[in-house]
Amino acid sequence: MNQVEIALAAVAAALLIAVASPWVWARIRRPGATAESTSDPCRAAFEQSPNCILMVDAETLRIVDANPTLLRTLGYTLEEILPLDLSRVFTDQSDNSEALLRKLRDPNPRMPFQVGQLCKNGTLLNVEIRGHRLDLNTRHVLAFTTDDVSVRRKIEAQLLEKQQHLDHLAHHDQLTGLPNRLFLAVHLPTAIEEARHTSSIMAVLFLDLDRFKHINDSRGHETGDKLLKAVAQRIRATVRTEDVVVRMGGDEFIVVLKTVRSSEQVNDTAARINEALSAPVPVDGRPLVTTVSIGVSLYPRDGANMGELLRHSDTAMYQAKDRGRNNFQLFSPGMDRKLKERMAIETSLRNALQRQQLDVHYQPIIDIQTNRVVALESLLRWKVPGQGFVPPEKFIAVAEETGLIVPIGDIVLARACEDMARWRDSGSTPVPIAVNISAVQLQRSNLPATILRLTRQHGIRPSMLQLELTESSVFERRENRSGESNEDAVSRLRELGVRIAIDDFGTGYSSLSYLKRWRVDYLKIDRSFIRDLVTDASDLAIVSAIIAMARHLNIQVVAEGIEGWQQLEKIRQLGCGLAQGFLFAKPAPEDQCHRYLTGEPLDLTEEQEHQLSDFGATTGNLRVANN
């Protein structure tokens, strides 16, 4: 009851006591009496009360008086209701009449209870009744007030429905209708406790869609939302009814598998999800293909609480990403160590950017026929004070994932332009500088504007820059933030006069149709084909085919990773014009590169002493991780 209802009940109780006092009892209206027949103010209050009031004999439970409000509510006249006993007016909706009579005979005014109230026409009302026992000399009377609670119940039901709706909105994702992370925060600890109590296995699957951002950016958020709804339905249809599917946000989902028999059952479920999401999803009449990487943690093996299970499944999911996507991985302690190492590398790399610990070294690209340096490739170096150089393969992938590759790439590009201007001003013979460009950098930054600004600032021609891109970064159909495709971005770079090289050719898409359509200046044959060129017939055939094809397309070929004279002689016989590797020179810092810029042939007898002497030179290029 609210405060108003309590106050009304108190007034009604006081009125009953006044009406039932010995002074008033003699004036209780008998059949045929009217309100005008008495001038007693208490009697008038009794008859004009908005509450239903009923007075009965405490011994016989027969009605002795009723106010007009009750009579109107039940449809009786006073003459009709007086002969009735209380059981004809009140009924227990659970059909426990004896319990009801006990409550009516000995009412507690502080504890109202609900009963059914019978009307004359048979209608049953839900009312709340409050009783008072009054002792009037030798006679005992029970005075009852009743309030119709049907309206209140209706309002309460409406409020409950609204509350449930709000709870549903708060704990469910509006786009997919799946439970959200708030729901998971409540449900998962309970599921863990149930698994602990029953000594059963439970699995937490962390799902992340592969390349969803590309679809969302290129096709629009509306298409992305439709894809997410379809994905949610497929995941839900793949698991059992008792399992829980949660959308964590974005393109991340959590699946909680309850009471699993073994890890094999979890593997089967994860494989079914992979298979279900690998099939094309029709959206607006067009098929979209997205796959999913899944990480799995098991209770109690991989964690005893919600935080540990989610963190470890997330770690396993990143392992699935690293292993090519569209697969699932079970968590292992080694993954956790690897994740912590990656996080440490990211933190250190951010500090290195702030402290300017990143440097650029240069390795010459040689004309095989003349041994002259025709270009320099800029190679990123990270030297930690007191620890030495960090291998590029340890931090380039981290830089790609975190987006740090964009400022790093800008640093290398700016440094290349600065060094080129410095060599020119010192009287050296300038040669083009090759700069590796990340796919992320190509998509997230305005490279043509940056290059135009840097070349004007240092007074060099854009044609003195050669941008090296991997096949994956060039040939995938992607768009940058302004809606420009990779192909458009590269075309704008070529309009400035910048030269374009495809790095690590043969290890990526190797789409010959792209080579036909695009204007490419150089193909750089990956060192993996050069390493066993002399002894492996397959490598020889591949390299020979690449050189022959490039010659017919008027594209120059650079053989990377030349470390021996036999390799050099073989690519010369095949018609390759340019080469790069330890056989010619190791990467060197800017202040040691003047000897490469004299315009004279390189003295190979001196340089060959440095074969394999520089850490990381075989992995020194900025590499672009497949997205």
Side-chain angles (χ1 to χ4, degrees), residues 166-192 195 202-217 221-258 260 266 269-270 272-274 276-278 281 288 290-299 302-322 325-331 335-336 339 342-343 401-403:
L166 291 175
D167 287 343
H168 186 274
L169 290 178
H171 293 87
H172 287 76
D173 175 52
Q174 296 187 36
L175 176 65
T176 63
L178 294 176
N180 60 15
R181 62 171 63 239
L182 290 178
F183 179 94
L184 185 68
V186 175
H187 171 82
L188 188 51
T190 302
I192 293 173
M202 186 186 70
V204 175
L205 281 63
F206 198 116
L207 284 65
D208 186 273
L209 298 185
D210 302 325
R211 301 182 179 90
F212 174 76
K213 184 179 184 301
H214 167 55
I215 295 176
N216 209 34
D217 291 344
H221 292 284
E222 183 178 353
T223 298
D225 287 348
K226 292 179 180 179
L227 177 60
L228 285 174
K229 292 173 67 176
V231 166
Q233 293 173 359
R234 289 191 179 185
I235 297 173
R236 180 67 267 181
T238 305
V239 299
R240 302 169 300 179
T241 305
E242 63 266 29
D243 298 326
V244 177
V245 180
V246 174
R247 184 191 178 201
M248 293 292 282
D251 59 345
E252 295 179 342
F253 297 83
I254 294 290
V255 177
V256 179
L257 303 179
K258 298 180 178 180
V260 297
V266 179
T269 301
R272 287 199 306 271
I273 294 176
N274 276 130
L277 297 189
S278 297
V281 179
L288 294 179
T290 183
T291 56
V292 63
S293 298
I294 305 174
V296 182
S297 62
L298 301 177
Y299 172 87
D302 300 327
N305 56 54
M306 174 178 170
E308 291 179 346
L309 291 173
L310 288 178
R311 185 172 65 254
H312 291 163
S313 61
D314 186 29
T315 300
M317 182 273 293
Y318 276 106
Q319 183 71 11
K321 293 278 189 184
D322 289 343
R325 296 175 171 79
N326 191 25
N327 69 94
F328 64 91
Q329 296 293 324
L330 293 176
F331 173 79
M335 294 180 184
D336 200 32
L339 178 62
R342 293 172 75 91
M343 293 176 64
E401 293 174 3
T402 59

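Counting heavy atoms from C-beta outward, I294 and F206 have side chains that stay 4.5 Å or more apart. Two residues are said to be in side-chain contact when any heavy atoms from C-beta on lie closer than 4.5 Å; R240 and V260 meet this criterion. At a threshold of 4.5 Å between non-hydrogen side-chain atoms, the residues V231 and T176 do not count as touching. Using a 4.5 Å heavy-atom cutoff, the side chains of D208 and D251 are in contact. The shortest side-chain heavy-atom distance between V204 and L188 falls under the 4.5 Å cut-off.
We find the CG-CD1 distance between D243 and I235 to be 12.5 Å, quoted to the nearest 0.5 Å. Distance check: K321 NZ to Q329 CD gives 13.0 Å after rounding to the nearest 0.5 Å. Taken from CG in L310 to CG in L184, the straight-line distance is 5.5 Å, to the nearest 0.5 Å. Taking OG1 from T290 and CZ from R325, the interatomic distance works out to 10.5 Å, rounded to the nearest 0.5 Å. Between the CE atom of M202 and the NZ atom of K258 there is a distance of 9.0 Å, given to the nearest 0.5 Å. With rounding to the nearest 0.5 angstrom, the CD atom of Q233 is 9.0 Å from the CG atom of L178.
The shortest heavy-atom contact between H172 and G177 is CD2-O, 3.5 Å. Here the closest non-hydrogen pair linking A203 and L298 is CB-CD2, 3.6 Å. Residues A304 and I192 share a closest heavy-atom pair of O-CG2, 3.8 Å. Between T238 and T269, the shortest heavy-atom contact is CG2-O, 4.4 Å. Here the shortest heavy-atom pairing between L175 and K229 reads O-CG, 3.6 Å. S313 and S297 get closest at one heavy-atom pair: CB-OG, 3.6 Å.
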L257 and V266: side-chain contact (heavy atoms from CB on, under 4.5 Å), yes or no, with the steps? CA-CA 8 Å; L257 303 179; V266 179; 4.3 Å; yes
Could you go through F183 and V244, starting from their C-alpha distance and side-chain angles, then the distance that decides it, and tell me whether this counts as side-chain contact (heavy atoms from CB on, under 4.5 Å)? CA-CA 10 Å; F183 179 94; V244 177; 3.9 Å; yes
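For N326, the side-chain hydrogen bond (donor to acceptor under 3.5 Å, both in side chains) test picks out S278, with sequence neighbours left out.
Paired with S293 under the rule side-chain hydrogen bond (donor to acceptor under 3.5 Å, both in side chains), one option of D322, D210, N327 passes, and it is D210. Tested against T223 for a side-chain contact (heavy atoms from CB on, under 4.5 Å), the candidates L228, L288, N216 yield a single pass: L288.
Under the 30°/60° scheme for interplanar angles, the aromatic rings of H312 and F331 are found to lie parallel.
D173 places no side-chain N or O within 3.5 Å of a backbone atom of G249 that could act as its donor or acceptor partner. Put simply, the side chain of R234 never gets that close to the backbone of L277: no donor and acceptor are under 3.5 Å apart.
In this structure, F212 places its CZ atom where more than 12 heavy-atom neighbours from other residues, nucleotides or ligands lie under 6.0 Å away. Surrounding CZ of R236 are more than 12 heavy atoms belonging to other residues, nucleotides or ligands, all under 6.0 Å away. Remark: Q174 CD is loosely packed, at most 12 non-hydrogen atoms of other residues, nucleotides or ligands lying under 6.0 Å away.
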